[in-house]
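Since the structure comes first, as structure tokens, the remarks are kept for the end.
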Amino acid sequence: MKSKVWLVRPLPHFGDHLSTFLEDDIIAVGYPVGESLKDADYEQIRSYLQVKGWGEGIGNVNILVNEMAIGDFVIVPSSNKKDIYFGEIVTDYVYREKLDEDLPGISGFPHQRIIHWFFDKKPYLRSDLPEALKGSLRYPGAVADLTKHFDLVKQIVRGNGIPGYSDMETKAWAIIEELLESDDEQIKLKAAELIISHKK
């Protein structure tokens with residue numbers, strides 16, 4: 001199964017925990033329901049959340065517990081809107097009982113994955129990203145699937161750029177990739193034609 005890319009905002013349970021994410025080598029979501037969600041399926045997780053009145057969080061929690069996998073990449077943006085951090089998931093779901101309390105800003109984020117951070121935990125400038133990826137980071141939700149950018153992210157974290165392309169060409173291909181997601185069928189078709197003609 002091909003690895004994925006996930007956007008994860010460091011704001012679990014009403015607090016900015018970016019420093020904790022980096023120091024403890026984790027990503028996390030909130031929703032302290034009083035027990036581990038290991039082996040819980042979508043419906044079980046939803047029932048736990050609904051008891052607390054947090055039913056809207058099912059997508060975020062289920063992704064972290066059941067959809068993320070070892071080897072997936074994560075992108076964690078800072079609230080300063082300038083820095084982002086790249087990491088790789090290295091464990092299955094982890095439950096931290098001591099954080100399973102409803103104390104916003106202090107605890108409340110017991111559902112975690114352990115992360116290997118790239119670039120020695122130093123930030124990567126959002127302004128240096130290809131436009132296509134920058135656009136996807138504007139998604140306002142806490143967790144999102146950005147796997148359509150997998151090849152770009154892989155090249156960034158491996159430090160190679162896109163093989164065989166200059167920085168300008170890399171940016172151009174990123175724009176074409178974004179056009180494939182356009183609602184305008186003519187634009188999507190033109191982008192597809194460009195890619196196909198390049199491969200001939």
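Predicted model only: the values in this text are computed from it and were never measured. Values below: every heavy atom of this structure, side chains too, minus hydrogens, waters and symmetry copies.
The shortest distance between side-chain heavy atoms of Asp16 and Pro10 falls below 4.5 Å. Using a 4.5 Å heavy-atom cutoff, the side chains of Ile45 and Asn66 are in contact. Taking 4.5 Å as the limit, some side-chain heavy atom of Arg9 sits within range of a side-chain heavy atom of Pro77. Annotation: side chain of Val143 is in contact with side chain of Met68 (closest heavy-atom distance under 4.5 Å). Counting heavy atoms from C-beta on, the side chains of His13 and Trp54 come closer than 4.5 Å. The shortest side-chain heavy-atom distance between Ile89 and Ile115 falls under the 4.5 Å cut-off. In this structure the side chain of Val8 never reaches within 4.5 angstrom of the side chain of Ile75, judged on heavy atoms.
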Can you check side chain to side chain contact (heavy atoms under 4.5 Å, CB included) on Ile156 and Phe119, steps first, answer last? CA-CA 10 Å; Ile156 288 169; Phe119 311 122; 4.2 Å; yes
Please test Val5 against His149 for side chain to side chain contact (heavy atoms under 4.5 Å, CB included), starting from the C-alpha separation and ending with a verdict. CA-CA 7 Å; Val5 178; His149 300 298; 5.6 Å; no
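His116 and Phe118 have their aromatic ring centers within a separation under 6.0 angstrom.
Around atom CD of Gln186, no more than 12 heavy atoms belonging to other residues, nucleotides or ligands sit under 6.0 Å away. Heavy-atom contacts from other residues, nucleotides or ligands closer than 6.0 Å to CD of Glu97 number 12 or fewer.
In the hydrophobic clustering of ILVMFWY residues, with side-chain heavy atoms under 4.5 Å counting as a link, Leu146 and Val76 come out apart. Both Tyr139 and Leu133 sit in one connected hydrophobic cluster of ILVMFWY residues. Membership requires side-chain heavy atoms under 4.5 Å apart, directly or through other members. In the hydrophobic clustering of ILVMFWY residues, with side-chain heavy atoms under 4.5 Å counting as a link, Val61 and Ile63 come out together. When the side chains of ILVMFWY residues are joined at heavy-atom separations under 4.5 Å, either directly or via intervening members, Tyr31 and Leu11 end up in two distinct hydrophobic clusters. In the hydrophobic clustering of this structure, Tyr42 groups with Tyr48; members are Ile, Leu, Val, Met, Phe, Trp, Tyr whose side-chain heavy atoms approach within less than 4.5 Å, directly or through other members.
To the nearest 0.5 Å, the span separating NZ on Lys2 from OG1 on Thr147 amounts to 8.0 Å. Taking NE2 of His111 as the reference point, atom CG of Asn60 lies at 11.5 Å (rounded to 0.5 Å). Here the CZ-NZ distance, from Arg126 to Lys134, works out to 9.0 Å after rounding to the nearest 0.5 Å. To the nearest 0.5 Å, the span separating CG on Asp92 from CD1 on Ile114 amounts to 10.0 Å.
Partner of Phe73 under the ring-ring contact (aromatic ring centres under 6.0 Å, His included) criterion, out of Phe86, Trp6, Tyr85, Phe150: Phe150 alone.
By the salt bridge (Lys or Arg N to Asp or Glu O under 4.0 Å) test, Glu23 pairs with no residue at all, sequence neighbours left out.
Of all heavy-atom pairs spanning Ser3 and Gly71, the tightest one is OG-O, 3.4 Å. Minimum heavy-atom separation, Asn62 to Asp41: OD1-C, 4.5 Å. The shortest non-hydrogen separation linking Glu101 to Lys98 is OE1-O, 3.6 Å. The nearest pair of heavy atoms linking Ala28 to Pro12 is O-CB, 4.0 Å. The two residues Leu99 and Ile106 make their nearest non-hydrogen contact at CD2-O, 4.3 Å. Smallest separation of non-hydrogen atoms from Ile84 and Leu129: CD1-CD1, 3.3 Å.
Using a distance-only test at 3.5 Å, with no hydrogens or angles considered, a donor-acceptor pair links the side chain of Asp72 to the main chain of Ala69. The backbone N or O of Leu37 lies less than 3.5 Å from a partner atom in the side chain of Tyr93, making a donor-acceptor pair. Put simply, the side chain of Arg113 gets close to the backbone of Leu64: a donor and an acceptor are under 3.5 Å apart. For Asp120 (side chain) and Lys122 (main-chain N/O), no donor-acceptor pair under 3.5 Å exists by modelled atom type.
Using a cut-off of 4.0 Å between Lys/Arg side-chain N and Asp/Glu carboxylate O, Lys121 and Asp25 are scored as salt-bridged.
Aromatic ring pairs are classed by plane angle as parallel below 30°, tilted from 30° to 60° and perpendicular above 60°; the pair Phe109 and His17 is tilted.
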